[in-house]
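Throughout, a chain's letter reflects where its sequence line sits, starting with A, and its residues are numbered from 1.
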Protein chains: 2
Amino acid sequence: MPSTYRLPPLPERPCLGLIAPAGPPAPERLARLPAVLDTLGLDARLLPGCQGPAHLDHLAADDARRLADLHEAFADPTLDAVLALRGGYGCARLLPGVDRGLMARGRKPLIGYSDLTALHALRDGLGLAGWHAPMPVSDWLRDEAGLDDARHLLRRLRQGLRAGETLAPRQDPGAQALSRPGVARGRLVGGNLAVLVSLLGTPYMPDLRGTLLFLEDVAEEPYKVDRLLTQLRLAGALDGVAGFLIGSFSDAASPDAVLADRLHPLGRPLLAGWPSGHCCPHEPLPLGLALEMDVAGRCLRVL
Amino acid sequence: MPSTYRLPPLPERPCLGLIAPAGPPAPERLARLPAVLDTLGLDARLLPGCQGPAHLDHLAADDARRLADLHEAFADPTLDAVLALRGGYGCARLLPGVDRGLMARGRKPLIGYSDLTALHALRDGLGLAGWHAPMPVSDWLRDEAGLDDARHLLRRLRQGLRAGETLAPRQDPGAQALSRPGVARGRLVGGNLAVLVSLLGTPYMPDLRGTLLFLEDVAEEPYKVDRLLTQLRLAGALDGVAGFLIGSFSDAASPDAVLADRLHPLGRPLLAGWPSGHCCPHEPLPLGLALEMDVAGRCLRVL
């Protein structure tokens, strides 16, 4: 593999390890999954916890089962990547038990977003890259647009990502009053704002100094976005951030005034309106890679 | 004042400083406030930020105005206590600017709950007591039951709280499967779970070792209660807690299974079903005082 690859291409017909480290997949969507995987040209291994039994109603299986699945998926040499079926809540409960050595040895990417932000954060500390990208049960199986997003993601996975490559959204979201001009360079970290903030004060909070911080969220009203960003500020976690990439904040009133109030005083470049998060289309983002963010050009470049 | 008083009685007709350190009070309730205060036998000084102009829609006034009101209320020697009109979100934004010396000198109690948890937490670090209790705009002015709660609170404020006194709810909530037997002693801290957790990782998180931790919340689904309690656990913040007092968790599915999953393994006494929080009746709780919690007796005793 040429050294210019920052995320190497997956095989033309990749084999993915499917896990449910957070919420329980809806059985009727799980039933439709094999046909969709076949349509997309994917092989897959469904780890056992994806089929329950659910724990506390909101967890796909108990912590021991979900953790064992995570380890098994990363250890299995026949799997090219590990893909979460959906988010919800539950990844952070697994963090103390994660075998970091195992994760570091199998350098395969983790794919997912939302609650997966907690696992991406742990992997960031190990220097491991992954994809913030739509997931089968929550997105691909939702409707035809979700399936289009899956096709787009799989093209990207098969191409890999090379140094010098430019990432621009399929649909330009247009000028955003929230953006602040500039060019910033750093490792891309973050994901779901509430999940990232739920790591503050724990040993699993990533070091944000010198990073490009990506943030998205869903169904959080502006006063809650204020609470989350204020916590990051009071903790000093934003002091050394090189630049902000603002994704989708959906299913709530616009948080733009709050984002401006909390982030503009930090004086860093900010690119708003990036279509990643709980939205569709949802552009895949390479977490853990060093990128250049060009606000005027509305794009990211792989360093 | 005899030294047995842990929270000294207020005058028969106390004068209260009214502040809005978080959300904006609804104007139609503010208009009805003077008549209600008179009915209750209270004098009051309404600090200017209570009447806006609102900031970012969800703050009663900008940070500088709300902070000035807080300082003015605590500095004014004619005021016997400082009472927040309502919660919402905003107290944590004020924490870096709070004049701790001023707050420590004027030892008058702070009264309020919900978002006020952030200010109670700061005061806890200064050894200052206060009341977790219903507030005028959000509770007293809501309906007749809210007004009854106000009368109950004012009786308590006029009586003060002495060493040896027992606190038991007006209506016994009955046996709760969530409770865990035992007797625990410690300083009562806490309040709203989400607001307390929003202090994790910041210099304003209270030290919970050796405390009785009171927790309540509103409209947080069980998976979010899981996220909040898991964050406290991963941060090690619950390791030295002497006992748990669980208040009302309203407007969402019961979090009892999650509370048991996250708190029972800690092996500390736990008294559940205490009627304080976003509920009515709402029993006032003395924050910052050393108490004994007797789970079998379903009561608290002032040490």
Side-chain angles (χ1 to χ4, degrees), chain A residues 22-24 54-59 62-63 87-97 115 117-118 122 192 194-205 219-238 253-262 265, chain B residues 22-24 54-59 62-63 87-97 115 117-118 122 192 194-205 219-238 253-262 265:
Chain A
H55 182 60
L56 291 174
D57 294 335
H58 64 275
L59 299 167
D62 64 21
D63 290 353
Y89 177 71
C91 289
R93 292 173 59 110
L94 306 183
L95 294 176
D115 192 58
T117 299
L122 179 136
N192 184 268
V195 175
L196 181 72
V197 170
S198 82
L199 303 177
L200 267 177
T202 81
Y204 310 102
M205 180 68 193
E220 298 287 7
E221 291 300 330
Y223 82 94
K224 287 201 176 178
V225 174
D226 186 357
R227 189 165 77 195
L228 294 164
L229 293 173
T230 296
Q231 186 170 2
L232 285 170
R233 278 183 53 160
L234 293 180
L238 302 183
S254 166
D256 283 4
V258 166
L259 289 163
D261 177 87
R262 300 282 79 188
Chain B
H55 182 61
L56 291 174
D57 293 335
H58 64 274
L59 299 166
D62 64 22
D63 291 353
Y89 177 71
C91 289
R93 291 173 59 110
L94 306 183
L95 293 175
D115 193 57
T117 299
L122 179 135
N192 184 268
V195 175
L196 182 71
V197 170
S198 81
L199 303 177
L200 266 177
T202 81
Y204 310 101
M205 180 66 191
E220 297 289 5
E221 290 300 330
Y223 82 95
K224 287 202 175 177
V225 174
D226 187 356
R227 188 164 79 195
L228 295 164
L229 293 173
T230 296
Q231 186 170 2
L232 285 170
R233 277 183 53 160
L234 293 180
L238 302 184
S254 166
D256 283 5
V258 167
L259 289 163
D261 177 87
R262 300 281 81 188

Which atoms of [X] come close to chain B, meaning under 4.5 Å heavy atom to heavy atom: side chain ones, backbone ones, both, or neither?
X         : value
Arg262(A) : side chain
Leu232(A) : neither
Asp62(A)  : neither

Which atom of [X] lies closest to which atom of [Y], heavy atoms considered:
X         : Y         : value
Leu234(A) : Thr202(B) : CB-CG2, 3.6 Å
Ser198(A) : Arg227(B) : CB-CG, 3.8 Å
Gly201(A) : Ala235(B) : O-CB, 3.2 Å

Return yes if some donor-acceptor pair links the side-chain N/O of Gln231(A) with the main-chain N/O of Leu200(B) below 3.5 Å, else return no. yes
Between Val197(A), Leu228(A), Thr230(A), Asp226(A), who has the most heavy-atom pairs with chain B when the cutoff is under 4.5 Å?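 Option with the top pair count is Asp226(A).
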